[in-house]
Amino acid sequence: MGFVRSIEEQNTVALSQVIKDVNEGKVKQITVLDNRLIVTKKDNTIVQTFKEPGSNVYQIFRDTGVSKESLDRTNITIKDETGLNSWINILSAILPVALMIAFFYFLF
């Protein structure tokens with residue numbers, strides 16, 4: 001089964017539960033997608049939780065008292081999709097203008 005699953009297929013848990021599991025060494029990997037955390041536990045179960053938008057996941061764990069050793073044992077991957085969104089916004093602004101210029105060019 002693939003890594004990316006729909007939201008309906010994933011169990012949603014509280015952030016406090018994820019913090020507790022990281023502190024106890026039960027978490028193998030955390031993937032951060034914007035404000036969503038996809039957590040893979042050592043028994044290969046996958047759950048998700050949400051953090052506040054704009055908050056730093058490392059700061060959240062430090063502020064809640066997770067030890068550095070526990071955090072070092074957890075593989076944290078941050079996937080930044082803002083670059084793709086920026087390109088989409090730029091293309092959506094430029095493409096209509098370019099099409100109008102091309103239309104008038106071929107018209108003349």
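Remember, it's a predicted structure, so these values are computed and weren't measured experimentally. Heavy-atom basis, side chains included; hydrogens, waters and symmetry copies ignored.
Minimum heavy-atom separation, I60 to T64: O-OG1, 3.0 Å. Here the closest heavy-atom approach between residue S70 and residue N23 is recorded as OG-O, 3.2 Å. Closest approach of L91 to P96, counting heavy atoms only: O-CD, 4.1 Å.
For K41, the salt bridge (charged side-chain N to carboxylate O under 4.0 Å, His left out) partners at least two apart in sequence or on another chain are D21. Partners of D72 under the salt bridge (charged side-chain N to carboxylate O under 4.0 Å, His left out) rule, at least two apart in sequence or in another chain, are K68. E24 pairs by the salt bridge (charged side-chain N to carboxylate O under 4.0 Å, His left out) definition with K26, not counting sequence neighbours.
Proximity of V47 to Q17: side-chain heavy atoms (C-beta onward) are nowhere separated by under 4.5 Å. Looking at heavy atoms from C-beta onward, I30 lies in side-chain contact with V22 at the 4.5 angstrom threshold. Between F61 and I19, some side-chain heavy-atom pair lies under the 4.5 Å cut-off. When side chains are defined from C-beta on, Y58 counts as touching I78, because their heavy atoms get closer than 4.5 Å.
Listed for the T40 side chain is no donor-acceptor partner under 3.5 Å among the backbone atoms of I46. A donor-acceptor contact shorter than 3.5 Å links the side chain of K42 to the backbone of G25.
The line from CD1 of I38 to CD of Q48 is 6.5 Å long, rounded to the nearest 0.5 Å. T49 OG1 to N35 CG: the interatomic distance, rounded to the nearest 0.5 Å, is 10.0 Å. Rounding to the nearest 0.5 Å places NZ of K51 at 7.5 Å from CG of N56.
Among L95, L99, I94, I101, the single residue meeting the side chain to side chain contact (heavy atoms under 4.5 Å, CB included) criterion with V97 is I101. Results of the side chain to side chain contact (heavy atoms under 4.5 Å, CB included) test with V39 over V18, T74, T45 single out V18 as the only residue that passes.
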